[in-house]
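The structure appears below as structure tokens.
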Amino acid sequence: MFPYSRRVHQDAVPSAPALEIRDLIVAYPGTRRLALKGVRLCVPVGAQIALVGHNGAGKSTLLKAVAGLLPVRSGSIAIYGNPPGACHHRVAYLPQRGEIDWRFPITLRKLVLTGRYVHLGWFKRPSRQDWCIADEVIDRLGLSALRERQISQLSGGQQQRALLARALAQEAELLLLDEPLNAVDAETRHLMIELLRLLRHEQKTVITATHDLGRLESDFDGALYLADGREIAHPPGAFNRMKVGALA
Amino acid sequence: MNDILDWLTAPFQFMFMQTALLAAVLVGLTCASIGVYVVLRRMAFIGDALSHTILPGVVVAYLNGFSLSVGALLAGVCTALGIGWLSRREAIREDTAIGVVFTGMFALGVLLMSQARSFRDFTHILFGNILGVTADDLRLIALITGGILLLLFLFHKELELTSFDPIHAEVIGLKASWLRYLLLLLLAFAVVSSIQVVGVVMTSALLITPAAAASLLTHRLWRMMGIAILIAVASGVIGLYASFYANVSSGAAIVLACTGFFLLAWLWQVLHHRLAQPETEEVWN
């Protein structure tokens, strides 16, 4: 009824890629240092792409710019043919764990439910269906027993899974995952990988930032290597089944 | 038994005591429920600053003979918007900006007060006088309470989300800064309504102490609000009895009662942790 952003329900441009970034330059507000210095990327619908680089290489910045959290200094971002912020319901962003106040008094179930808010807007309360969707994804991520736990009483891996559950509850088409496998336990890692496969099955587009591909190479369609805000050549021997950067 | 009942009911034969009781309950409701957000969002310093910056507004209103509440509201709203605007820009750290504005405004208020013929008139603004609440004051307090509770209810979902995860809010197109302004405005109104009860200097105690005590006792937001409201209202009533029977400052008695409840909550929490050490180790890691 009253969406948070008036541009919230723009339709996807037919045959547009899920994400198209041209010569993107981004600086954090209030600083002059450029965090991204001309990045190009084109991701077709249904592809799963890894952003690889060390800390500070610009992976998180790229995801934040796509999520509409940072102003674009120059260049362009198109999400299903629309600018960032034109289709909030279609983009889910999984932040790094440290960006949330975990001591806030809410339960895991409520945290996951906030993934439905983009569909509700102002004043509307979550319906029974919204709760059902939240419970379903909680179940899928093996968190059912912890549903009523306050979020600070979860382990790191459980918190990461809770955030992923929220991203799934949003039923978005483009998922931006910032270091989802960073410092998580083996069980969480396993579950995440299973889930990425499932998402591929559902034709979801996924962009995952990671500083270490590890054994995941077979799970991605391609990778964009970043260093100091720029795309760099693939390290020798690194996989790149689909030439991600070249598509732009 | 009857003696105790008499002792408890005797004060309320008086009209002014009934008015004061209603005022205490209403202000407790408002301050405690909004105070929970203030505490959870770590805005305690802003709450304190807001109550102090209202002083010049009140003094100007008093010297020019118009309603003190209107003067307080204008000053409060200006400060709320000013703080919101200052903290939007990153040139000055927020707490520094608040510190500068808050002491400057308070000093301005004191300066204006010193120009007035009698300093005494202002003691009830500085320290509150719940027994002096008039019917008009009560109407305004009731209006503010109703408005604040309604808005907190309507925007609860958004206030909650922007409190613990403003980034997700931004991603879904919900401007966290709007909710911040809303909360600052509500805070200004809450402070104005509580000035009659505890005064400019101690208003922030009514906002923060009950909520802080409640946050020691539970991990659920609604329960936290409920406990905070209970503590604030109970403190108001205790303060009333104290000022009626012991003839002490009502504002100070109310605040001290809040502090007492906080100490009890803190003690309970410490004991609870001691008794459940092995479990809490796991829980808090």
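So you know, we letter chains A, B, ... as the sequences are listed, proteins then strands, and number each from 1.
Atom OH of Tyr93(A) sits in a crowded spot, with more than 12 heavy atoms from other residues, nucleotides or ligands closer than 6.0 Å. Taking a 6.0 Å sphere around CD of Glu148(A), one finds it holds more than 12 heavy atoms contributed by other residues, nucleotides or ligands. When the shell of 6.0 Å around CH2 of Trp178(B) is examined, it contains 12 or fewer heavy atoms from other residues, nucleotides or ligands.
Within residues 106-113 of chain A, the residues having any heavy atom closer than 4.5 Å to a heavy atom of chain B are Ile106(A), Thr107(A), Lys110(A), Leu111(A), listed by residue number. When the heavy atoms of residues 161-170 of chain A are compared with those of chain B, the residues falling under 4.5 Å are Arg166(A), Gln170(A), listed by number. Residues of residues 39-53 of chain B lying under 4.5 angstrom from chain A, judged on non-hydrogen atoms, are Leu40(B), Arg42(B) by number.
Ranked by heavy-atom pairs under 4.5 Å with chain A, the list Pro166(B), Ser215(B), Ser163(B) is led by Ser163(B). Between chain A and the options His168(B), Glu160(B), Met224(B), heavy-atom pairs under 4.5 Å are most frequent for His168(B).
Aromatic ring orientation, Trp122(A) versus Phe155(B): perpendicular (interplanar angle above 60°, classes split at 30° and 60°).
Within the structure, ring pair (Phe, Tyr, Trp, His ring centres under 6.0 Å) pairs that include any residue of residues 158-190 of chain A do not occur (at least two apart or interchain).
In this structure, Arg220(B) fails the cation-pi test against Phe104(A), since its NZ or CZ atom is not both closer than 6.0 Å to the six-membered ring centre and inside 45 degrees of the ring normal. Seen from the ring of Tyr117(A), Lys157(B) counts as a face-on cation partner, given the 6.0 Å and 45° thresholds.
Rounding to the nearest 0.5 Å gives a distance of 5.5 Å between CG of Leu161(B) and OG1 of Thr114(A). In this structure, CG on Asp165(B) lies 8.5 Å from CD1 on Ile151(A), to the nearest 0.5 angstrom.
Contact check for Val171(B) versus Leu69(A): side-chain heavy atoms found under the 4.5 Å cut-off. Considering only heavy atoms from C-beta on, Tyr4(A) comes within 4.5 Å of Glu158(B) through its side chain.
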